[in-house]
Asks: 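This is the structure, below, for whatever I ask next.
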Amino acid sequence: MLNIILLGPPGAGKGTQAARLQAERGMIQLSTGDMLREAVAAGTPVGLKAKAIMERGELVSDAIVSALIGERLDAAADQGAIFDGFPRTKAQAEALDLLLTERGRRLDHVIELVVDEDELVKRIVGRFSCARCGTGYHDTFRPTKVAGVCDVCGSTEFKRRKDDNEATVRTRMAEYRAKTQPILPFYEARGLVRRVDGMAAIETVAAEIDAILDGTV
Ligand code: ADP
Ligand code: ADP
Ligand code: ZN
């Protein structure tokens, strides 16, 4: 049962790869971004706290996101986990260690998706998803096969994230550089970090991640 972290700036391809791994390997995708968006949509106390912070592109508190991850891990005791967008700070990385140890799990890999910042803006402003099943797409890089129809569920309704605009993306990238990138040495010291070229095509990135998970590289 593997436990892996996908690390990379907004638009690096974490969600795309995590959703694929969940579908193909029976692992569970644990995306704090998705959990927070659900909380905002449902108007829960966590959602009410997170809404404005997310719209500015800043980070939600470590305590909130760590608690969300703990709840989801408890509900998926027999599944490998893909941490997508968590941890994002040193405090979250430490919280994750504790959450895993308490549950008899351990981290197998931290996969860093290495990308070029200028390309990220293009990825993010072109990102959209199916309003019914959540499948992720891109206007240019991953369009639906039939225009306006979801490949997976046939829905014709799509949505775009409110925070996927150029100004917010710049704040999110600055947050990544200031708070998230500095956790890499924490994992490097434990020999866990594997780098993957996130600029490659989606299928190529997928094959590289698969090779790491299968232990063939
Ligand atoms: P992206 O995949 O584009 O990086 P996410 O969906 O992971 O974006 O996150 C969207 C927003 O949710 C972030 O900008 C931040 O406000 C909040 N968020 C998500 N995960 C975390 C986290 N682990 N810690 C703090 N804030 C988070
Ligand atoms: P993250 O979760 O890291 O923020 P996403 O997986 O949502 O990133 O990807 C951001 C956008 O870029 C999506 O529209 C997705 O379809 C597209 N995308 C993901 N991976 C690639 C890739 N390797 N090449 C081109 N576009 C990609
Ligand atoms: Zn769909």
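The model shown is predicted, which means the values in this text are computed figures rather than measured ones. Order of appearance sets the numbers: ligands from 1, and atoms from 1 within every ligand.
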Asks: Nearest non-hydrogen contact with atom 13 (C) of ligand 1 belongs to which option: R123, R88, E175?
Replies: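 Looking at heavy atoms only, the winner is R88.
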Asks: Please confirm whether A200 approaches ligand 2 to less than 4.0 Å, judged on its heavy atoms.
Replies: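 A200: in contact with ligand 2 (<4.0 Å).
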Asks: Measure from the side-chain N and O atoms of H109 to the backbone N and O of N3, and report whether any donor-acceptor pair falls under 3.5 Å.
Replies: no
Asks: Looking only at distance, does M54 have an N or O less than 3.5 Å from an N or O of ligand 1?
Replies: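 In fact, backbone or side chain, M54 has no N or O that close.
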Asks: Pick one of side chain, backbone, both or neither for how L59 approaches ligand 1, counting any non-hydrogen atom pair under 4.0 Å.
Replies: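 The answer is both.
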Asks: Tell me the angle that SG of C153 and SG of C133 form around the Zn ion (ligand 3), rounded to 10°.
Replies: 110°
Asks: Tell me whether ligand 1 is touched by R37 - counting only heavy atoms on the residue side and a distance under 4.0 Å.
Replies: yes
Asks: Take L30 and M35, measure what side chain to side chain contact (heavy atoms under 4.5 Å, CB included) needs, and give me the verdict at the end.
Replies: CA-CA 8 Å; L30 297 174; M35 294 172 202; 4.0 Å; yes
Asks: Heavy atoms only: which of R56, Q92, M35 is nearest to atom 23 (N) of ligand 1?
Replies: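 Heavy atom nearest to atom 23 (N) of ligand 1 belongs to Q92.
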Asks: Just going by heavy-atom distances, which of I202, V125, T204 is nearest to atom 21 (C) of ligand 2?
Replies: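 That would be I202.
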Asks: Could you tell me whether L36 approaches ligand 1 through its side chain, its backbone, both or neither, with non-hydrogen atoms closer than 4.0 Å?
Replies: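 The answer is the side chain.
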Asks: Would you mind finding which of A12, G11, A19, P10 brings a heavy atom closest to atom 10 (C) of ligand 2?
Replies: G11
Asks: Would you tell me which option among E119, H138, K14 has the nearest heavy-atom contact to atom 17 (C) of ligand 2?
Replies: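 It is H138 that holds the nearest heavy atom.
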Asks: Could you tell me whether A18 approaches ligand 2 through its side chain, its backbone, both or neither, with non-hydrogen atoms closer than 4.0 Å?
Replies: neither
Asks: Using a 6.0 Å distance limit plus a 45 degree cone around the ring axis, check whether R190 lies over the aromatic ring of F186.
Replies: yes
Asks: Give yes or no for whether the N/O distance cutoff of 3.5 Å, strictly under, is met between D34 and ligand 1.
Replies: no
Asks: For atom 9 (O) of ligand 2, grab the closest protein heavy atom and report residue, atom and distance to one decimal in Å.
Replies: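 Protein heavy atom at minimum distance: T16 OG1, 3.7 Å.
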Asks: Going by heavy-atom distance to atom 7 (O) of ligand 2, choose the closest among R127, M199, R142.
Replies: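 It is R127 that holds the nearest heavy atom.
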